[in-house]
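Encoded as structure tokens, the structure appears first; notes follow it.
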Amino acid sequence: MSKNLTKRSEDYSKWYNELVVKADLAENSAVRGCMVIKPYGYAIWEKMQAELDKKFKETGHQNAYFPLFVPKSLFEAEEKNAEGFAKECAVVTHYRLQNDPDREGKLRVDPEAKLEEELVVRPTSEAIIWNTYKGWIQSYRDLPILVNQWANVVRWEMRTRLFLRTAEFLWQEGHTAHETRSEAIAETAQMNDIYANFVENFMAIPVVRGRKTESERFAGAEDTYCIEALMQDGKALQAGTSHFLGQNFAKAFDVKFTSKEGKQDYVWATSWGVSTRLMGALIMTHSDDQGLVLPPNLAPIQVVIVPIYKGEEQLEKISGVVDGMVKELRAKGISVKFDTRDTHRPGAKFAQYELQGVPLRIAIGQRDLDKGTVELARRDTLTKQIVAKDDIVTTVENLLTEIQESLYRKALDYRDSHITPVDTFDEFKEVLESKGGFIAAHWDGTIETEQKIKDLTKATIRCIPFDVEKEEGVCVFSGKASSERVLFAKAY
């Protein structure tokens, strides 16, 4: 497994693309714009999925599954949602192929097999789910409905990048139905907090919690909450969103319930989701010029043990010691791999696991057996230490905790040092080009100003942070009054 990565400082985009492929996370497929997630990359996604799924179920949500295809008429029923996704839709118009009489051995769409109603391949599932909920909800006794779906969706992107933006991607989408407005808003906030806690505590990525501006909201939502992260190149990445949908979808699909007082009312709704884009965030937040750096909580292999030996007899002795070590580590819930492959030299194995971001590497040879020690290497700092064999389990436990916390602190320091307040548009442009990161600036609250700033600088309002104090000022662009700073950045 050759490393030879382009340096981040030379070409960040090229470094990222090379790392995804060389670390065996994913690759481009035969389908334009779609990716193959390889076993190592999928193992990381599975760990994300498992932890999120646990958090969803702890808060009363259940998993279900809905069709991949959405009848066009259902998709069109919620107009704002349909308009928001129209340009990205893949549409099924026919259901059969036939032999082409003019081109031997070739197939063509059978013109007789045209669908009576075209089917949209889901870019999101609100339409099909709310049409279904109409049959599930009659009374307040049927509420709330707290459903999540693990699925794939298709958004026909033309410019794609592995994990960050692909035509098909994996995600989860929660869709909930509530009796009251306040209950739905509380759900929206709760799920945004769950995402933030997961990304910070499991992925070791600090995030800013806030709400989107009207122009950046989810199509069909009354309000969108979000978590925004900052990558090492100074660009922001939207890591998760949670939407308060009001009664928009209930009205579009005529989903009503009878209240305790016997009155009819429309249901209140939310939806929320994160996707395999989190893989991109993980890679770009922590990794370095040597390869992937994984937080221990998400590493498929937390510890790898590499034997250094000459001949079968030495390997047998080393294996006898390592087998006990592996059992002890696994008993503590630590994932361990003992790499006894004879097709790769130790140096090649070291390079592979460094590239793949395994948090800790143990090397053990005959001299180590004689001394009762092992060599322990940290991936995050690339440092090594000699540890007594009898202390290895405790040392590994402590180091995995330390690495998790250290990666978060490092990312937090970078993020906090790249939030820059500015008061003029000249300052805004200078910081954006020379430093990057989040720019805290006053904005007059109008879509027109937001769009002009975007057209001139390619920077967008990432969010209106929840935890920023009100502060009177003037918009950096228009000079009109403003009561708070918002965060601008260039983004993925």
Side-chain angles (χ1 to χ4, degrees), residues 19 23-25 39-55 197-207 229 278-279 281-288 290-307 321-339 349-364 368 372-414:
L19 178 50
D24 246 8
L25 300 176
Y40 191 64
Y42 200 80
I44 299 170
W45 173 244
E46 282 181 316
K47 293 201 85 168
M48 292 183 182
Q49 195 177 23
E51 182 60 23
L52 282 167
D53 201 62
K54 185 175 85 172
K55 289 178 182 295
N197 289 330
F198 167 74
V199 172
E200 292 191 333
N201 297 327
F202 255 73
M203 298 181 66
I205 301 173
V207 295
L278 287 179
M279 291 287 292
L282 183 71
I283 296 158
M284 289 196 292
T285 300
H286 302 303
S287 302
D288 58 25
Q290 280 67 48
L292 203 58
V293 176
L294 291 177
N297 284 349
L298 285 179
I301 305 164
Q302 293 172 311
V303 182
V304 64
I305 303 173
V306 178
V321 171
V322 169
D323 287 348
M325 201 183 294
V326 168
K327 282 177 186 172
E328 285 186 72
L329 289 166
R330 285 180 179 161
K332 297 286 188 179
I334 296 166
S335 59
V336 192
K337 179 177 178 179
F338 181 31
D339 189 345
K349 293 177 184 179
F350 292 170
Q352 175 187 339
Y353 296 118
E354 194 170 277
L355 179 62
Q356 292 190 310
V358 175
L360 290 173
R361 185 185 75 228
I362 294 171
I364 181 167
D368 299 297
T373 62
V374 299
E375 180 188 81
L376 184 60
R378 279 177 64 156
R379 173 62 187 89
D380 62 329
T381 58
L382 299 172
T383 55
K384 297 176 185 175
Q385 64 186 98
I386 303 300
V387 179
K389 179 178 69 67
D390 294 342
D391 297 336
I392 194 65
V393 175
T394 304
T395 304
V396 164
E397 275 191 296
N398 292 338
L399 276 180
L400 289 175
T401 301
E402 187 182 316
I403 291 167
Q404 184 77 27
E405 292 170 354
S406 174
L407 288 174
Y408 179 78
R409 282 195 308 271
K410 183 181 177 185
L412 182 63
D413 288 345
Y414 177 84

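Values reported hereafter were calculated over all heavy atoms of this structure, with side chains retained and with hydrogens, waters and symmetry mates removed. Remember, predicted model here, so these are calculated numbers, not experimental data. We count residues from 1, following the sequence as given.
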Partners passing side-chain contact (heavy atoms from CB on, under 4.5 Å) against [X] (at least two apart in sequence or in another chain):
{"X": "K389", "result": "V321, M325"}
{"X": "E405", "result": "T401, R409"}
{"X": "D368", "result": "I364, T373"}
{"X": "N201", "result": "N197"}

With rounding to the nearest 0.5 Å, note down the distance linking [atom1] in [X] to [atom2] in [Y].
{"X": "Y408", "Y": "T285", "atom1": "OH", "atom2": "OG1", "value": "11.5 Å"}
{"X": "L278", "Y": "I44", "atom1": "CG", "atom2": "CD1", "value": "12.0 Å"}
{"X": "Q302", "Y": "L399", "atom1": "CD", "atom2": "CG", "value": "12.0 Å"}
{"X": "I403", "Y": "T381", "atom1": "CD1", "atom2": "OG1", "value": "7.0 Å"}
{"X": "L25", "Y": "Y42", "atom1": "CG", "atom2": "OH", "value": "14.5 Å"}

Test your reading of the model: is there a side-chain donor-acceptor pair from [X] to the backbone of [Y], 3.5 Å cut-off?
{"X": "R361", "Y": "R379", "answer": "no"}
{"X": "K332", "Y": "V393", "answer": "no"}
{"X": "Q404", "Y": "F202", "answer": "yes"}

Under the side chain to side chain donor-acceptor pair (under 3.5 Å) rule, collect the residues that match up with [X], sequence neighbours excluded.
{"X": "D380", "value": "R378"}
{"X": "N297", "value": "none"}
{"X": "K337", "value": "Y353"}

Point to revise | Y414: partners by ring pair (Phe, Tyr, Trp, His ring centres under 6.0 Å), with sequence neighbours left out | key: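 Counting only residues at least two positions away or on another chain, Y414 forms a ring pair (Phe, Tyr, Trp, His ring centres under 6.0 Å) with H418.
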Practice item. Please collect all side-chain hydrogen bond (donor to acceptor under 3.5 Å, both in side chains) contacts where either partner lies in residues 44-53, sequence neighbours excluded, each pair once. Key: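 Pairs touching residues 44-53 that pass the test: D53-K57, D53-N63, D53-W150.
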Practice item. Check whether any side-chain heavy atom of L292 sits under 4.5 Å from a side-chain heavy atom of I283, and report yes or no. Key: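 Sidechains of I283 and L292: in contact.
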**Study point:** Note, L282 side chain near M48 side chain (heavy atom, < 4.5 Å)
**Key:**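 They are in contact (side-chain heavy atoms under 4.5 Å apart), so the answer is yes.
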